[in-house]
Protein chains: 2
Amino acid sequence: MVSLAPKYRPMQRVFEALASSVRRQILAYLSHTELNAGEIAARFAMSKASISQHLSILEAAGLVESERRGQFIFYRQVPDNLVNALHGFVQEACPKGRPLKRESAALAEKGSRTDNR
Amino acid sequence: MVSLAPKYRPMQRVFEALASSVRRQILAYLSHTELNAGEIAARFAMSKASISQHLSILEAAGLVESERRGQFIFYRQVPDNLVNALHGFVQEACPKGRPLKRESAALAEKGSRTDNR
DNA sequence: TCGTTGTTTAGGAAATTTGCTAAATATCGA
DNA sequence: TCGATATTTAGCAAATTTCCTAAACAACGA
């Protein structure tokens with residue numbers, strides 16, 4: 001009988017955000033550069049309104065942040081947050097001795113734990 | 001205009017599987033040991049039928065595998081698959097120069113790429 | 001073989017997600 | 001200030017997810 005984490009916990013929001021391939025693709029675009037909402041929307045066969053909604057979900061999950069500059073609103077990844085969330089998860093869910101687990105453990109050792117779980 | 005990956009692609013199934021906190025918790029339980037369906041269900045305030053459904057989603061995503069031994073059906077994590085899926089994702093979606101990214105790149109260098117993307 | 005235990009499948013209701021169009025808000029440039 | 005451009009918010013329909021109960025299936029032990 002585990003008491004499950006409430007829905008609003010950071011970890012939950014992150015994984016819900018990552019469940020959509022559209023949102024994962026947006027994150028991939030933002031891994032190289034920042035882009036404004038229109039530039040992002042132009043890369044999908046979907047209305048701007050829908051992309052805007054996806055962006056707000058990514059933002060609520062703490063994975064991206066936005067900044068208005070003049071007429072445009074630019075989006076960029078929040079550094080570390082995605083890594084930290086995945087790291088926290090891998091910590092609990094990956095079998096011991098697996099590569100990513102070992103790497104994450106090493107990472108944890110070094111400090112800099114923001115603990116997104 | 002990106003052509004999004006079809007829904008049945010491994011990566012998509014993995015992230016859909018991870019979107020549920022129940023399923024992530026199951027993975028966490030299975031990281032230490034294998035458990036039969038009843039033992040897993042006993043840890044949640046939820047019907048056995050529902051847990052069975054969650055298990056089948058995890059199995060369809062390739063994250064766990066099951067084996068009947070007599071009266072019981074045992075579940076265990078499929079080694080590497082979770083790590084590989086996350087690794088593939090991090091590869092595309094995490095900003096360059098971030099810790100996990102560098103670690104993953106090093107991992108990729110070593111070969112053993114199953115490429116779950 | 002029968003009854004019991006372990007697990008899944010079937011069917012359905014409630015909640016959530018996803019996409020759309022239309023309308024609202026914000027900024028720019030003339 | 002007006003009109004055009006950029007983006008979000010509102011409201012809604014369709015699809016999906018999640019959980020439940022009841023029934024079916026599988027294996028054990030007497």
Side-chain angles (χ1 to χ4, degrees), chain A residues 1-9 11-27 29-30 34-61 63-76, chain B residues 1-9 11-27 29-30 34-61 63-76:
Chain A
M1 295 294 182
V2 72
S3 70
L4 290 170
K7 179 148 195 173
Y8 53 84
R9 279 183 70 185
M11 178 90 134
Q12 179 62 21
R13 295 218 192 192
V14 167
F15 277 102
E16 268 168 17
L18 297 183
S20 151
S21 62
V22 173
R23 292 191 291 264
R24 289 196 308 277
Q25 187 65 53
I26 291 174
L27 286 174
Y29 285 134
L30 296 179
E34 63 175 23
L35 295 169
N36 64 52
E39 289 171 325
I40 295 170
R43 287 166 163 76
F44 294 89
M46 194 179 292
S47 74
K48 291 178 180 194
S50 294
I51 292 297
S52 174
Q53 200 176 264
H54 284 300
L55 287 169
S56 79
I57 288 169
L58 286 168
E59 193 160 26
L63 296 176
V64 307
E65 59 194 6
S66 62
E67 180 193 355
R68 176 180 282 276
R69 285 208 293 279
Q71 219 166 349
F72 303 92
I73 298 181
F74 285 87
Y75 283 86
R76 58 175 165 272
Chain B
M1 293 295 182
V2 74
S3 69
L4 288 171
K7 179 151 195 174
Y8 53 85
R9 278 183 70 185
M11 179 91 133
Q12 180 61 21
R13 296 220 191 187
V14 167
F15 277 102
E16 268 168 16
L18 297 182
S20 151
S21 62
V22 173
R23 292 191 291 263
R24 290 196 307 278
Q25 186 65 53
I26 291 174
L27 285 174
Y29 284 135
L30 294 180
E34 62 175 23
L35 295 169
N36 64 51
E39 289 171 326
I40 295 169
R43 287 164 162 76
F44 293 90
M46 191 179 294
S47 74
K48 291 178 180 194
S50 295
I51 292 297
S52 173
Q53 200 175 263
H54 284 301
L55 286 170
S56 79
I57 289 169
L58 287 168
E59 193 160 26
L63 296 176
V64 308
E65 58 194 5
S66 62
E67 180 193 356
R68 177 180 280 275
R69 285 208 292 279
Q71 217 166 350
F72 303 91
I73 298 182
F74 284 88
Y75 283 86
R76 58 175 165 271

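Order of the sequence lines sets the chain letters (A, B, ...), proteins ahead of strands, with each chain counted from 1. The shown structure was predicted, so the numbers you read here are calculated from the model rather than taken from an experiment.
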Task: Phosphate OP1/OP2 of C:dG19: any A:H54 side-chain N/O under 4.0 Å - done: yes
Task: Atom-to-atom span, CE of A:M46 to P of D:dT8 - whole angstrom - done: 15 Å
Task: Nucleotide D:dT9, atom C1' - distance to CD of A:E59 in whole Å - done: 15 Å
- [ ] Specify the separation, in whole Å, of atom CZ of B:R24 and atom P of D:dT18.
- [x] 11 Å
Task: Nearest atoms (heavy-atom pairs only) where A:L35 meets A:L30 - done: N-CD2, 3.8 Å
Task: Test item: B:R69 and B:E67 side chains (from C-beta on) under 4.5 Å apart, heavy atoms - done: yes
Open item on the list: In this structure, how many angstroms lie between the P atom of D:dT7 and the CG atom of A:L35, rounded?
Closed with: 11 Å
Open item on the list: Expressed as a whole number of angstroms, how long is the span from A:E67:CD to C:dT27:P?
Closed with: 13 Å
Task: First of A:G70 and A:A19 reached from the 5' end of DNA chain C, by closest nucleotide - done: A:A19
Task: side-chain contact (heavy atoms from CB on, under 4.5 Å) partners for B:S66, two or more places apart - done: B:E59, B:I73, B:Y75
Task: Between B:Q12 and A:R24, a side-chain donor and acceptor under 3.5 Å - done: yes
Report each atom pair, protein N/O against N/O of nucleotides 1-10 of chain C, whose distance is under 3.5 angstrom.
from  : atom 1 : to    : atom 2 : distance (Å)
C:dT5 : O2     : B:Q71 : NE2    : 3.2
C:dT7 : OP1    : B:A37 : N      : 3.4
C:dT7 : OP1    : B:I73 : N      : 3.3
C:dT7 : OP2    : B:G38 : N      : 2.5
C:dT8 : OP1    : B:Y75 : OH     : 2.4
C:dT8 : OP2    : B:S52 : OG     : 2.9
C:dT8 : O5'    : B:S52 : OG     : 3.2

- [ ] Output all residues satisfying side-chain contact (heavy atoms from CB on, under 4.5 Å) with B:S56, sequence neighbours left out; order by chain, then residue number.
- [x] none
Open item on the list: Nearest whole Å is fine: how far is C:dT17 P from A:F15 CZ?
Closed with: 16 Å
Open item on the list: Expressed as a whole number of angstroms, how long is the span from A:I26:CD1 to D:dT7:P?
Closed with: 13 Å
Open item on the list: Check whether B:F74 forms a cation-pi arrangement with B:R68 (NZ or CZ under 6.0 Å from the six-membered ring centre, at most 45° off the ring normal).
Closed with: no
TODO: Answer with base, sugar-phosphate or nothing: what part of the nucleic acid does A:R69 contact at a heavy-atom distance below 4.0 Å?
DONE: nothing
